Number of protein chains: 2
Amino acid sequence: MDICVTTLLRDKGFKVTPQRLAIYNALAATKSHPSAEMIYNDLQPYYPTMSLATVYKTIEILKELDLVQVLNVGEDSFRYDADTTNHPHVRCMCCGRVEDLQGIDSSDFISRVSAHTDYAIQGQQFYFYGTCPACQKTSAVVS
Amino acid sequence: MDICVTTLLRDKGFKVTPQRLAIYNALAATKSHPSAEMIYNDLQPYYPTMSLATVYKTIEILKELDLVQVLNVGEDSFRYDADTTNHPHVRCMCCGRVEDLQGIDSSDFISRVSAHTDYAIQGQQFYFYGTCPACQKTSAVVS
DNA sequence: GTTTTTGCAAACAGTTTGCACTATC
DNA sequence: GATAGTGCAAACTGTTTGCAAAAAC
């Protein structure tokens, strides 16, 4: 996996730095769809001198290499996903957690939309909003 | 329509001001899904002393009254829609225009997702990205 | 040794807030 | 006349940029 990123960076003329590898690995190792700041905080113990600007600059490159996708779940900040397959996401409106919705085939819905519009559709993002299992339990106890 | 907004505002204890009516009317009269700044610019000729802060504060209230919905199409700024029915949107990646995708029934897709996840789904947003008819023509000429 | 990257700080854009003045009720 | 809203400017947050020192090649 590391080798792959290294090669991809080199091929496009980018230099390979520990920061870049760490940021990509942090993203690839989590399912939590972190924001730039979350990545920064996660890496802080291991790269105490790394700056937030480096996280942003690296994400920019990773986008270019198609190694991450950007999520815009309606919060203040963007979130990033190293899984670049196009899958729907859910956000818990209670705790803010963002999760993947795997195993849902949306191809028929997409082709239905494509057929219905004059736009040449190139991509899409599906965001669902609700309450996660953990928060459902909590509110059940309270009410 | 005005009467309706007036009543809704009063019922919730908000005062009825020309600015609030103008902002709602501007939103209700367009299909262009304007940002706060666009609304501000549109109204500038008629309300030259109105400030951007008033636009934001008013939108906040209109959200509370369920008179507008917020779109997060992946740009720098939010966009607003006075059509609060839940319909998909397309953004042209060439000119930035945002349009409604009317007449698409997504209820089966939504119920398929609801059945598939542990989340209690309360809402969703579907964003499509592509090239609008006008931009398709332009790029065809160029290439 | 050249060229790119880092990390800092300053800049920036969109949005929010505090507060005196004004308008609504 | 009491209460809430406006408009200004300043604050704030997430993100971007410029640049000298440092690292990659």
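Side chains included, hydrogens not; waters and symmetry mates left out as well; all remaining heavy atoms used. Here the structure is a predicted model, which means the values were calculated and not measured. Each chain gets a letter, A, B and so on, in the order its sequence line appears, and its residues count up from 1.
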Spacing of [X] atom [atom1] relative to [N] atom [atom2], expressed in whole Å:
X        : N       : atom1 : atom2 : value
Met38(A) : dT15(D) : CE    : C1'   : 15 Å
Glu37(B) : dT15(C) : CD    : C1'   : 11 Å
Glu60(B) : dT15(C) : CD    : C1'   : 10 Å
Ile59(A) : dG14(D) : CD1   : C1'   : 12 Å
Leu9(B)  : dC25(C) : CG    : C1'   : 13 Å
Ile23(B) : dG7(D)  : CD1   : P     : 9 Å
Tyr40(B) : dG7(D)  : OH    : C1'   : 10 Å
Leu52(B) : dA10(D) : CG    : C1'   : 14 Å

Identify, with sequence neighbours excluded, every residue that meets salt bridge (Lys or Arg N to Asp or Glu O under 4.0 Å) alongside Glu64(A).
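Scan of Glu64(A) (salt bridge (Lys or Arg N to Asp or Glu O under 4.0 Å), adjacent residues dropped) gives none.
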What string of B, S and - do you get for nucleotides 3-9 of chain C, 5' to 3', if B is base contact, S is sugar-phosphate-only contact and - is no contact with any protein heavy atom under 4.0 Å?
BSSBBB-
Pairs satisfying side-chain hydrogen bond (donor to acceptor under 3.5 Å, both in side chains), at least one member in residues 107-116 of chain A, at least two apart:
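Sorted pair list: Asp105(A)-Ser107(A).
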Angle between terminal axes - the helix from dG1(C)-dC25(D) to dC25(C)-dG1(D), 5 pairs each end, rounded to 10°
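One end's axis against the other's: 30°.
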According to side chain to side chain donor-acceptor pair (under 3.5 Å), who are the partners of Ser77(A), at least two apart in sequence or on a separate chain?
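Listed in chain order: nothing, the list is empty.
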ring-ring contact (aromatic ring centres under 6.0 Å, His included) against Tyr80(B), all qualifying residues, sequence neighbours excluded
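For Tyr80(B), no residue satisfies ring-ring contact (aromatic ring centres under 6.0 Å, His included) once neighbours in sequence are set aside.
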Non-neighbouring partners of His89(A) that pass ring-ring contact (aromatic ring centres under 6.0 Å, His included), sequence neighbours left out
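With neighbours one apart ignored, the set is His33(A), His87(A).
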Side-chain donor-acceptor pairs under 3.5 Å in residues 120-129 of chain A, sequence neighbours left out?
residue	atom	partner	partner atom	Å
Gln122(A)	NE2	Thr131(B)	OG1	2.6
Gln124(A)	NE2	Asn86(A)	OD1	3.3
Gln125(A)	NE2	Gln69(A)	OE1	3.1
Tyr127(A)	OH	Asn72(A)	N	2.9
Tyr129(A)	OH	Val73(A)	O	3.1

For [range], which residue pairs pass the salt bridge (charged side-chain N to carboxylate O under 4.0 Å, His left out) check, not counting sequence neighbours?
range                     : result
residues 12-30 of chain A : none
residues 47-61 of chain A : Glu60(A)-Lys63(A)
residues 29-51 of chain B : Lys31(B)-Asp100(B)

Polar side-chain atom of Thr30(A) near backbone of Ala26(A) as donor-acceptor pair, under 3.5 Å
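Side chain of Thr30(A) to backbone of Ala26(A), a donor-acceptor pair under 3.5 Å: no, none is there.
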Hey, is the main chain of Ser32(A) close enough, under 3.5 Å, to the side chain of Arg79(A) for a donor-acceptor pair?
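Yes.
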Output the single nucleotide from dT16(C), dC25(D), dC25(C) whose closest atom is nearest the side chain of Arg10(B).
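So the nucleotide nearest the side chain must be dC25(C).
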Could you check which residues of residues 62-80 of chain B get a heavy atom under 4.0 Å from DNA chain D? Sort them by number, please.
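Per residue number, the list is empty: none.
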